[in-house]
Amino acid sequence: MDERIVTISLIIQSSAPVRSCRKFQSGKGNRCPFGGLWAKMGIRVNSPLHDRQQGVFNMAANRGTTPVSPGETESLTGRWIAGSGAASGDTNKIQDALNDLSRSVVLVDTAKGMALGSDGHLAFGSSPDGLPAKAILPPLPPGNLGDANFRRSQGLKFNYVTGAMANGIASADIVEEMGRAGMLGFFGAAGLSLERIDAAIIRIQQNLGSLPYGVNLIHSPNEQDHESATVDLLLKRRVQFVEASAFLDLTPHVARYRLSGIHRDATGAIVTPNRVMAKVSRVEVAQKFLSPVSDRILRELVSQKALTEAQAELAKLVPLADDCTVEADSGGHTDNRPAITLLPTILALRDRLQGEFRYQSPVRVGLGGGIATPASAAAAFAMGAAYVVTGSINQACRESGSSDIVRQMLAEAGQADVTMAPAADMFEMGVKVQVLKRGTMFAMRGAKLYELYRAYPSMEAIPAAERVQIEKNLFRFPLEEIWNQTRDYFSKRDPGQIGKADADPKHKMALVFRWYLGQASRWANAGVPDRKVDYQVWCGPAMGAFNEWTKGSFLEAAAERRVVTVALNILHGAALILRRQQLRWQGVTEFDDLIDTRPKTREELEQKMATGHPH
């Protein structure tokens with residue numbers, strides 16, 4: 001064999017991955033820059049280059065970028081030199097190999113067609129020996145998808161996050177299940193009283209111990225006192241990770257949470273004990289989270305003695321967020337932006353700001369909104385997402401804080417069964433949320449209330465006929481009775497709202513109308529039977545995609561949907577889809593139908609993943 005050939009041994013049959021490789025020398029004496037990649041593939045470099053006169057070998061040699069001697073012909077993917085066993089054309093063996101994400105796979109061309117290479121080695125160069133290798137696949141365990149730094153920083157096994165759906169829909173049960181499975185869940189604190197948030201935090205901390213979890217901090221422009229009190233509670237309970245959502249602008253409250261306790265460690269590195277995952281769908285909001293806190297807010301925090309002068313100086317060297325979730329077309333608060341353009345935009349913004357500020361730890365960017373199937377997760381990771389975030393599909397799971405009635409409604413939803421409706425927390429601003437429209441009249445009724453709010457200065461100014469209709473069909477009480485209930489609610493949650501309502505009849509009308517919008521979500525969560533037509537169910541088009549993917553499987557039934565089972569299926573399926581794409585990119589399409597991304601039970605998936613590579 002020509003001594004210029006680099007021979008690479010590939011262990012195919014062993015279930016244990018090769019964890020090291022001998023680095024080889026290039027013609028210039030440099031180490032192979034791809035040694036780590038070959039090690040992950042289970043490939044061991046056995047021989048260095050000897051001939052440095054005729055040409056220089058590197059990992060691009062088989063792509064035609066390296067000079068070779070006249071008359072030599074390079075194989076695009078090398079040649080497979082069989083050992084004691086011949087290549088196998090057995091379809092079952094090929095299928096098993098392709099679906100085993102813990103092993104490397106080599107497919108070779110034989111006189112009888114494509115076959116699986118095993119017990120042999122690859123040779124790159126002009127050797128006539130062996131069989132042409134048509135495709136080489138490295139191991140791709142689901143735990144390797146996404147940014148390894150994200151896993152390490154959060155103590156995770158998988159780069160998978162369940163987002164914080166409000167009113168406790170993202171329940172303590174979900175958070176705990178995710179944490180035990182090596183994933184990250186955020187508790188849906190938005191819309192809840194401080195007492196309920198506190199009880200949930202205490203429970204989660206007791207049940208998870210040191211396992212990862214987070215809590216939602218939602219922007220509340222109409223209830224800044226409540227936002228501030230929520231931060232007080234998070235700091236009191238030493239919650240060290242929040243998902244900051246629905247922010248239209250930064251507030252001193254989220255900055256105070258982020259920067260509390262900022263300091264330098266013994267090595268001089270800046271330490272921020274509290275971490276923020278920002279959920280954004282607009283470039284201007286993303287830029288604020290990807291930048292240091294403004295001088296204006298820092299001065300305010302120093303004046304409040306929430307920060308020292310020294311801490312304020314350190315704050316200028318870190319971004320407000322550690323992680324940034326790009327929120328595409330999602331349920332609840334959304335701008336309905338397409339993921340395929342929004343994610344690259346925010347990634348480019350991150351890179352530009354990292355170049356400007358030179359943070360010691362660059363912000364990681366993940367993707368949420370539309371993540372509901374293996375294909376969508378695979379696309380997210382392929383586009384560069386550090387992690388994926390799911391939402392609507394978790395509400396359809398048994399552990400969510402919703403009701404069985406809603407779970408069944410979600411199980412029947414199609415791609416087009418969603419629409420936009422007024423948001424309870426930002427009603428006066430005209431902000432909308434995406435909700436389920438199949439089986440409920442909430443969106444239409446909420447729009448009617450916003451129409452009346454825009455048209456009249458007070459409840460008293462609403463025409464009698466209109467008032468009778470909304471009292472009878474929406475509120476089922478006189479509006480004055482609803483105001484009494486609303487007054488009692490805000491006397492505990494945010495007393496300042498009562499004074500504003502007494503001084504401004506239009507604000508009073510807004511609070512009354514918000515009663516219906518807020519109750520509509522609670523009726524849905526509680527499964528109040530006679531209020532089904534008024535259910536507000538936050539939902540994006542991802543739900544329809546999930547239902548289509550699970551059709552005909554055990555996950556089609558609402559009662560079978562559990563968050564960890566769903567998550568593992570999405571991750572495992574995403575890795576298989578990426579493996580199939582690797583085959584296609586190498587020109588192999590014959591085995592597309594052998595790669596199985598259909599839903600599997602949790603037990604099946606955990607058994608498959610047990611043999612995977614470490615992260």
Side-chain angles (χ1 to χ4, degrees), residues 12-17 42 90-105 116 137-146 151 156-162 173-174 176-185 371-378 380-381 388 390 393-394 396-400 407 411 542 545-583 591-615:
I12 288 294
Q13 294 177 322
S14 172
S15 60
D90 186 316
T91 301
N92 290 329
K93 289 184 179 180
I94 295 174
Q95 182 173 27
D96 289 344
L98 292 177
N99 285 283
D100 184 353
L101 292 165
S102 68
R103 66 181 289 182
S104 304
V105 177
L116 176 69
L137 301 175
L140 187 58
N144 281 8
L145 297 175
R151 289 191 296 279
L156 304 176
K157 295 179 181 178
F158 304 100
N159 289 22
Y160 187 100
V161 180
T162 55
D173 285 339
I174 288 180
E176 291 168 16
E177 286 295 310
M178 296 302 289
R180 295 188 189 105
M183 293 175 258
L184 178 63
I371 307 296
T373 64
S376 55
F381 288 124
V388 293
T390 55
I393 60 174
N394 304 320
C397 291
R398 293 278 300 278
E399 300 91 344
S400 79
R407 281 187 272 271
F546 180 83
N547 289 335
E548 187 62 35
W549 169 56
T550 58
K551 196 163 289 184
S553 76
F554 73 100
L555 283 179
E556 183 176 4
E560 296 296 326
R561 297 175 174 184
R562 295 185 178 276
V563 285
V564 174
T565 302
V566 167
L568 292 177
N569 267 290
I570 288 175
L571 289 168
H572 188 262
L576 286 171
I577 287 173
L578 290 171
R579 169 165 275 196
R580 184 169 62 202
Q581 284 303 116
Q582 289 174 338
L583 280 178
F591 304 125
D592 277 8
D593 59 345
L594 298 185
I595 293 180
D596 182 14
T597 62
R598 293 173 298 176
K600 300 170 181 64
T601 66
R602 180 172 177 177
E603 292 72 22
E604 288 178 293
L605 291 169
E606 288 179 339
Q607 184 177 6
K608 288 178 179 293
M609 294 182 186
T611 58
H613 274 22
H615 325 307

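It should be emphasised that the depicted structure is a prediction, and the values quoted were computed from it without experimental measurement.
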Using the test side chain to side chain contact (heavy atoms under 4.5 Å, CB included), find all partners of Thr390 that sit at least two apart in sequence or belong to another chain.
Tyr160, Thr162, Ile371, Ile393, Asn394
Go through the structure and list residues passing side chain to side chain donor-acceptor pair (under 3.5 Å) with Thr601, not counting sequence neighbours.
Glu604
What residues, two or more places apart in sequence or in another chain, satisfy side chain to side chain donor-acceptor pair (under 3.5 Å) together with Asn99?
none
Only pairs at least two apart or in different chains count here, so list each ring pair (Phe, Tyr, Trp, His ring centres under 6.0 Å) that has a residue in residues 547-567.
Phe546-Trp549
Identify, with sequence neighbours excluded, every residue that meets side chain to side chain donor-acceptor pair (under 3.5 Å) alongside Asp96.
none
Indicate yes or no: at least one non-hydrogen side-chain atom of Met183 is less than 4.5 angstrom from one of Val563.
no
Kindly give the heavy-atom pair with the smallest separation between Ala372 and Ala542, and that separation in Å.
CB-O, 3.2 Å
Any side-chain heavy-atom pair of Leu568 and Glu606 under 4.5 Å
yes
Would you check if Arg598 and Ser553 make a side-chain contact, meaning some heavy-atom pair closer than 4.5 Å?
no
Atom pair CZ (Phe381) and CG (Leu571), whose distance is rounded to the nearest 0.5 Å:
6.0 Å
CZ on Phe591 to CG on Leu98, rounded to 0.5 Å:
7.0 Å
Just by modelled atom types, is the Leu145 backbone N or O under 3.5 Å from a matching donor or acceptor in the Arg151 side chain?
yes
To the nearest 0.5 Å, how far apart are CG in Leu555 and CG in Asn547?
10.5 Å
Do Leu184 and Met178 come within less than 4.5 Å of each other through their side chains, counting heavy atoms only?
no
Among Leu137, Asn144, Leu578, Leu576, find the one that has a side chain to side chain contact (heavy atoms under 4.5 Å, CB included) with Leu101.
Leu576
Is there a side-chain contact between Glu603 and Gln607 in this structure, where contact means two heavy atoms from C-beta onward sitting under 4.5 Å apart?
no
What is the minimum heavy-atom distance between Arg407 and Ala558, and which atoms define it?
O-CB, 3.9 Å
What one should report as the nearest heavy-atom pair of Ile570 and Ala377 is CG2-CB, 3.6 Å
Atom OG1 in Thr565, atom CG in Leu605: separation rounded to 0.5 Å?
7.5 Å
Listing request: all salt bridge (charged side-chain N to carboxylate O under 4.0 Å, His left out) pairs with a residue in residues 549-560, at least two apart in sequence or in separate chains.
Glu548-Lys551
Please report the closest heavy-atom contact between Glu399 and Arg561, naming both atoms and the distance.
OE1-O, 4.2 Å
Tell me the closest heavy-atom pair linking Ala380 and Val388, and the distance in Å.
CB-CG1, 3.7 Å
Just verifying a value: how many Å separate Asp100 CG and Gln95 CD, rounded to the nearest 0.5 Å?
12.0 Å
Within a strict 4.5 Å, meaning less than it, do heavy atoms of the His572 and Lys608 side chains meet?
yes
Find the distance between CG (Leu116) and NZ (Lys93) and round it off to the nearest 0.5 Å.
8.5 Å
